[in-house]
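Each remark here refers to the structure printed beneath this line.
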Amino acid sequence: MSALRVGNASGFYGDRFVAWREMLDGGELDVLTGDYLAELTMLILGRDRMRDPSLGYAKTFLRQLEGVLGTALERGVTLVTNAGGLNPAGLADAVRSLAARLGLDVRVGYVEGDALPRPDALTANAYLGAFGIAACLDAGADVVVTGRVTDASLTVGPAIARFGWTRDDLDALAGATVAGHLIECGAQVTGGNFSFFTELPDGGHRPGFPIAELHPDGSSVLTKHPGTGGAVTVETVTAQLLYEVGGPDYLGPDVVARLDTVRLEQAGPDRVRVSGVRGTPPPATLKVGVNNLGGFRNSMTFVLCGLDIPAKAALVRGQVEAAVGPAGLEFTLARTDHPDVGDTEAASALLHVHLRDGDKARAGRAFSAAAVELALASYPGCTLTTLPGDATPYGVFTADTVPQDAVSHTAVLPSGERVPIPPPPVTRRLAGPPPLPNALSGGPALHPTRRGALGEVVGARSGDKGGDANLGVWARTDATWPWLRTWLTVERLADLLPETATLTVERHELPNLRAVNFVIRGLLGPGVAASTRFDPQAKALGELLRARVVDLPAEVPA
């Protein structure tokens, strides 16, 4: 049986608009997927639906589809997307209306049942699996729209339909899950956001979108269309494999993929073979993402130039607290200033003042106007980068679980028939080995060292999961791995990234990838939408670590 070529044209709500056209015109495909959902996106769609109950889906997808639907039908490329968000039935209807306006005959199926009745929540959605998508495809759908399925399910569903996998085919499902995880973030696996972007053929200018060639046993080859930018290498694939993951168990509603069994091999230019993935039965529960409105927020930024920076910051803090009260205030002093320089910007630090409150009036003009009123009554050189403004609402994301059989996973076929998707008959309790708190003993003895940036010998990729962050670090060579494995402990991470020192940090090793992955609990507080951290999604955490100057083994080449 021939391989199934699954491409991806969207990694988030707001990704490259023309990627759907680029992927359809760039070469052969069987399926083209689009991932639009993230924790923050569900909050945005929830607010859309509050304003208009007919919304709740990613409107961008419809505009993209208008230019490519005819091409996809003509070339026999099936489209699968989670752009349905909170309203997959509404988006399915909108796709049918669009097709009718374009004079096209299109068969649309959709998947629902992820939305859970939580009267106290803005949104509450279980992460569904891939068998509902497969049922729609088996019924002849040209377009499948879903709500909150796992990102990888957009790839796994077409593979189930093509190869006839059942729930017993755990290794195949796990392999497809890994392939789906690799392509779900679009160009991130083809060189986007890559630590060594300067080594890419085009310098990272415009990476192409990815393709997974899936085989009946669940193995795959990651590639991209010829002539597109970026690259597909073992390292670009490793970077994406480490993105937003935890321990070796990569949990899914259909299977648990063991990341410590993944093997990567360069199989040619821009071709990486992914094999060896083992799967175990899924957990008996589904993850549920819950979004609530947390209150209102506002921010003002003071520029502090020259001498006495800490004293100037302390003066502002006292004045703002006296004006609006200390509750909900947060002050962050960014020491961007340099001594004895000849321009104002280089000599200045930034004091970011944030306020979160349930009272919109206090967080709004009462706060921002109080900050502006200090312009002539505070520290010398007082100026702000922001004008007074109203507060904006923010959301709080939490994760919950429900039993798999408590969710009405339903495939609505192009005919309108509703097909219930039963939960997996076999599940298992997850009680694997605990995360390694530190490096294992028995590593290489100390050798002569040299000072250098850690990023000379390792790559990194980091990201967010609710209020937690993950930080994956991989060694570039076999020679570097034994050193990295024993050197990069939880304690050393705390030294290099002091903000992690007081938090719970889990450490996991993935030897096949020459990688260590850290899960940093609570780094992002109440989640992306509410975070006042300078890097609210922890996207730059890996690059911050790579920039630290440390003692590198002298024999390890840069």
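Numbering of residues begins at 1 and proceeds along the displayed sequence.
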Test: side chain to side chain donor-acceptor pair (under 3.5 Å). Region: residues 408-426. Which pairs qualify, not counting sequence neighbours? E112-R418
Side chains of [X] and [Y]: donor-acceptor distance under 3.5 Å anywhere?
{"X": "R16", "Y": "S10", "result": "no"}
{"X": "Q188", "Y": "N193", "result": "yes"}
{"X": "E265", "Y": "S275", "result": "no"}
{"X": "E330", "Y": "T532", "result": "yes"}

Rounded to the nearest 0.5 Å, what separation is found between the [atom1] atom of [X] and the [atom2] atom of [Y]?
{"X": "R75", "Y": "L32", "atom1": "CZ", "atom2": "CG", "value": "11.5 Å"}
{"X": "I160", "Y": "D254", "atom1": "CD1", "atom2": "CG", "value": "5.5 Å"}
{"X": "L116", "Y": "D400", "atom1": "CG", "atom2": "CG", "value": "9.0 Å"}
{"X": "Y250", "Y": "T150", "atom1": "OH", "atom2": "OG1", "value": "7.0 Å"}
{"X": "F296", "Y": "T392", "atom1": "CZ", "atom2": "OG1", "value": "9.0 Å"}
{"X": "D142", "Y": "D105", "atom1": "CG", "atom2": "CG", "value": "7.5 Å"}

Of all the heavy-atom pairs spanning [X] and [Y], show the shortest one and how long it is.
{"X": "A411", "Y": "C136", "answer": "CB-SG, 4.0 Å"}
{"X": "V277", "Y": "V262", "answer": "CG2-CG2, 3.9 Å"}
{"X": "D171", "Y": "G279", "answer": "OD1-N, 2.8 Å"}
{"X": "N298", "Y": "A391", "answer": "ND2-N, 3.9 Å"}
{"X": "L214", "Y": "S220", "answer": "CD2-CB, 4.0 Å"}
{"X": "V111", "Y": "V144", "answer": "CG2-CG1, 4.5 Å"}

Within the structure provided, determine whether [X] and [Y] are in side-chain contact (heavy-atom separation under 4.5 Å).
{"X": "S299", "Y": "H354", "result": "yes"}
{"X": "F397", "Y": "L43", "result": "no"}
{"X": "F12", "Y": "Y36", "result": "no"}
{"X": "L413", "Y": "D138", "result": "no"}
{"X": "L86", "Y": "R148", "result": "no"}
{"X": "L503", "Y": "R521", "result": "no"}
{"X": "L154", "Y": "V149", "result": "yes"}
{"X": "P282", "Y": "P253", "result": "no"}

So does [X] pair up with [Y], basic N to acidic O under 4.0 Å?
{"X": "D52", "Y": "R49", "result": "no"}
{"X": "D249", "Y": "R428", "result": "yes"}
{"X": "D30", "Y": "R162", "result": "yes"}
{"X": "R533", "Y": "D535", "result": "yes"}

Side-chain donor or acceptor of [X] paired with backbone N/O of [Y] under 3.5 Å:
{"X": "E39", "Y": "K465", "result": "no"}
{"X": "S219", "Y": "H215", "result": "no"}
{"X": "W165", "Y": "P216", "result": "yes"}
{"X": "T190", "Y": "G230", "result": "no"}
{"X": "E506", "Y": "V519", "result": "no"}
{"X": "T177", "Y": "L173", "result": "yes"}
{"X": "E184", "Y": "G11", "result": "no"}
{"X": "R507", "Y": "N517", "result": "no"}
{"X": "R461", "Y": "T236", "result": "no"}
{"X": "S462", "Y": "G542", "result": "yes"}

Would T155 and I183 count as a side-chain contact (heavy atoms from CB on, under 4.5 Å) if you check the C-alpha gap in whole Å, the side-chain angles of each, and the deciding distance to 0.1 Å? CA-CA 9 Å; T155 297; I183 70 171; 3.4 Å; yes
For [X], I'd like to know if atom [atom1] has over 12 heavy atoms of other residues, nucleotides or ligands within 6.0 Å.
{"X": "R356", "atom1": "CZ", "result": "yes"}
{"X": "R278", "atom1": "CZ", "result": "no"}
{"X": "K360", "atom1": "NZ", "result": "no"}

Stepwise, does the side-chain hydrogen bond (donor to acceptor under 3.5 Å, both in side chains) test hold for T427 with Q404? CA-CA 10 Å; T427 60; Q404 290 235 26; over 6 Å; no
Could you please spell out the steps behind the side-chain contact (heavy atoms from CB on, under 4.5 Å) verdict for T81 and T146? CA-CA 6 Å; T81 179; T146 78; over 6 Å; no
With N291 as reference, evaluate N125, T398, T123 under the side-chain hydrogen bond (donor to acceptor under 3.5 Å, both in side chains) test and give the passing residue.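 Looking at N125, T398, T123, the match for N291 under the side-chain hydrogen bond (donor to acceptor under 3.5 Å, both in side chains) is T123.
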Check the orientation of W474 and F194. Use parallel for under 30°, tilted for 30 to 60°, and perpendicular for over 60°.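 Because their plane-to-plane angle is under 30°, the rings of W474 and F194 count as parallel.
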From CA spacing to verdict: side-chain contact (heavy atoms from CB on, under 4.5 Å), Y110, V95: CA-CA 11 Å; Y110 65 94; V95 171; over 6 Å; no
Criterion salt bridge (Lys or Arg N to Asp or Glu O under 4.0 Å) on E235 and R514, from CA distance to verdict: CA-CA 11 Å; E235 282 198 283; R514 300 193 301 252; 5.7 Å; no
Please walk me through it: do L29 and M23 pass side-chain contact (heavy atoms from CB on, under 4.5 Å)? CA-CA 8 Å; L29 289 174; M23 288 299 287; 4.2 Å; yes
Under the criterion side-chain hydrogen bond (donor to acceptor under 3.5 Å, both in side chains), I'd like the reasoning laid out for T71 against R21: C-alpha separation, chi angles, the key distance, then a yes or no. CA-CA 9 Å; T71 302; R21 169 57 62 190; 3.2 Å; yes
Sole candidate of T33, N82, N8 that passes side-chain contact (heavy atoms from CB on, under 4.5 Å) when paired with D151: N82
Please determine if R167 forms a cation-pi arrangement with F131, meaning its NZ or CZ atom is less than 6.0 Å from the six-membered ring centre and no more than 45° off the ring axis.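 Positive - R167 is close enough to the ring of F131 and near enough to its axis.
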Trace of the salt bridge (Lys or Arg N to Asp or Glu O under 4.0 Å) decision for R258 with D260: CA-CA 5 Å; R258 291 287 305 185; D260 54 356; 2.5 Å; yes
